[in-house]
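First comes the structure, then the notes that go with it.
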Number of protein chains: 2
Amino acid sequence: MEKGGRPADNSAESTETRILKVATRHFYDRGYHGTTMREIAADCGMKAGSLYNHYTGKEELLFRIANDTMAELVDGAQTAVDQGTTPAQRLQGLVRQHVRYHAVNRLQAKVADDQLHALSQDRQAVVLKIRDGYERLVEEVIADGISEHGWAVADVKIVAFALLTMCTAVGTWFREDGRLSADQIADIYTDLAMAMLQP
Amino acid sequence: MEKGGRPADNSAESTETRILKVATRHFYDRGYHGTTMREIAADCGMKAGSLYNHYTGKEELLFRIANDTMAELVDGAQTAVDQGTTPAQRLQGLVRQHVRYHAVNRLQAKVADDQLHALSQDRQAVVLKIRDGYERLVEEVIADGISEHGWAVADVKIVAFALLTMCTAVGTWFREDGRLSADQIADIYTDLAMAMLQP
DNA sequence: GTCTATAACTAGATAGAC
DNA sequence: GTCTATCTAGTTATAGAC
């Protein structure tokens with residue numbers, strides 16, 4: 001499978017990264033408050049006290065997951081927008097990347113979406129600010145499509161929300177061993193998105 | 001406001017109903033595991049121990065919320081299907097009722113969707129079975145639209161999910177004091193839904 | 001960097017007086 | 001049907017040995 005010269009040494013994954021992955025799975029399955037540090041530690045092959053050598057506490061784990069996820073989403077979206085030359089191309093790129101990300105990284109995406117209430121106000125605000133910027137990016141592309149292509153949009157904000165939440169929800173039912181791949185689903189969703197906008 | 005001869009006696013609301021409403025608000029804000037019986041009791045004007053005169057425990061509160069919500073959704077959907085005479089009418093009725101319900105009852109709808117993991121396996125299965133029936137109802141209407149109207153649907157299951165999750169998400173951003181009413185939003189969403197299906 | 005032990009606290013649920 | 005008091009268990013986080 002490996003193409004490069006680098007050995008497939010999975011143990012190279014840092015302890016910090018492994019803890020985040022395990023915490024993500026637990027927060028996804030049982031929620032932030034339903035997960036204990038003991039359970040996370042056990043799945044990492046250590047005791048609860050040892051986790052505090054890597055993170056200051058449970059809340060920092062959630063913050064890192066949510067913050068990293070949002071940052072990755074914005075990065076991908078900005079790339080998609082930069083690569084498109086027309087509003088249609090940019091929107092298709094946005095939808096494709098959003099659907100693919102929420103399918104491939106469905107655990108962390110759902111945790112980042114649903115568990116924000118468990119963060120302190122300050123940390124919550126940091127994550128929400130990134131998310132607001134993301135939504136504005138989508139709204140701008142839709143607004144461009146209206147003025148340049150005459151897209152039929154009853155309300156930019158509502159349609160942007162409808163579009164994004166439809167794509168976000170892919171993460172709630174997508175399964176890695178399911179009937180369709182993330183790419184196939186992204187194809188269907190880009191078509192649905194364009195159908196929602198055609199005059 | 002009251003039209004009938006019955007007095008507007010809000011205290012007629014039973015203690016059981018009030019407890020459920022308060023619990024719904026808390027489960028929505030902080031999640032099931034993030035909510036304590038003491039908090040629910042305080043908002044009901046009683047002490048934690050008193051709650052157990054009305055419900056056997058915390059989990060029963062969540063089960064009642066989730067089960068009642070799903071039952072109401074299925075009822076509304078069945079009515080919408082029965083009242084339509086064509087697949088297009090039935091689908092529009094389904095979308096309208098689904099959007100309206102998730103806007104008007106957004107707290108309980110979100111709790112019923114997001115907190116199922118906290119239920120025992122048996123109780124979870126009860127709720128999921130109702131939800132499965134609901135989804136099949138939508139898939140059938142879409143299948144009818146394909147054969148009778150030639151709707152353009154790449155994949156019935158995927159499009160049914162896309163449609164339903166898009167409408168469900170209205171509950172995550174709808175606000176009672178927002179710019180648009182639940183009915184106005186339902187109008188926009190029925191149009192979006194039909195646009196997604198047109199050949 | 002992991003362990004054991006423990007501090008300090010909070011949870012759901014119950015018993016029995018009123 | 002509500003109260004107070006309490007039980008039992010489990011929580012995050014820390015301290016200090018190794």
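In what follows, chains are A, B, ... by sequence order, proteins preceding strands, each numbered from 1.
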>> Please report the distance, rounded to the nearest Å, between NZ in B/Lys47 and C1' in C/dG12.
In response: 17 Å
Show me the protein contacts with nucleotides 14-17 of chain D, counting only N or O atoms at under 3.5 Å.
none

>> Holding to side-chain hydrogen bond (donor to acceptor under 3.5 Å, both in side chains), I want the full list of residues that pass it with A/Thr85, two or more places apart in sequence or in another chain.
In response: A/Gln89
> Do A/Asp113 and A/Met70 come close enough that some side-chain heavy atom pair is under 4.5 Å?
Replying inline: yes
> Excluding sequence neighbours, so at least two apart, what forms ring-ring contact (aromatic ring centres under 6.0 Å, His included) with B/His98?
Replying inline: B/His102, B/Tyr134
> Whole-Å distance between D/dG1 P and B/Tyr55 OH?
Replying inline: 12 Å
>> Counting C-beta onward and ignoring hydrogens, is there a side-chain heavy-atom pair between A/Thr15 and A/Met46 closer than 4.5 Å?
In response: yes
>> On DNA chain D, does the nearest nucleotide to B/Thr15 precede the nearest nucleotide to A/Glu59 from the 5' side, or the other way round? Give the residue.
In response: B/Thr15
> Tell me, do B/Arg123 and B/Glu60 make a side-chain contact under 4.5 Å, heavy atoms counted?
Replying inline: yes
> Is the shortest side-chain N/O distance from B/Lys58 to OP1 or OP2 of C/dG12 below 4.0 Å?
Replying inline: yes
>> Tell me every residue that passes side-chain hydrogen bond (donor to acceptor under 3.5 Å, both in side chains) with B/Asp82, counting only those two or more places apart in sequence or in another chain.
In response: B/Gln78
> Quick one: side-chain hydrogen bond (donor to acceptor under 3.5 Å, both in side chains) partners of B/His33, sequence neighbours excluded?
Replying inline: none
>> With heavy-atom distances below 4.5 Å as the criterion, would you say the side chains of A/Gln83 and A/Gln97 are in contact?
In response: no
> Rounded to whole angstrom units, what separation is found between the CG atom of A/Leu61 and the C1' atom of D/dT12?
Replying inline: 12 Å
>> Please list, in numerical order, the residues of residues 30-45 of chain A that have a heavy atom closer than 4.0 Å to any atom of DNA chain D.
In response: A/Thr35, A/Thr36, A/Met37, A/Arg38
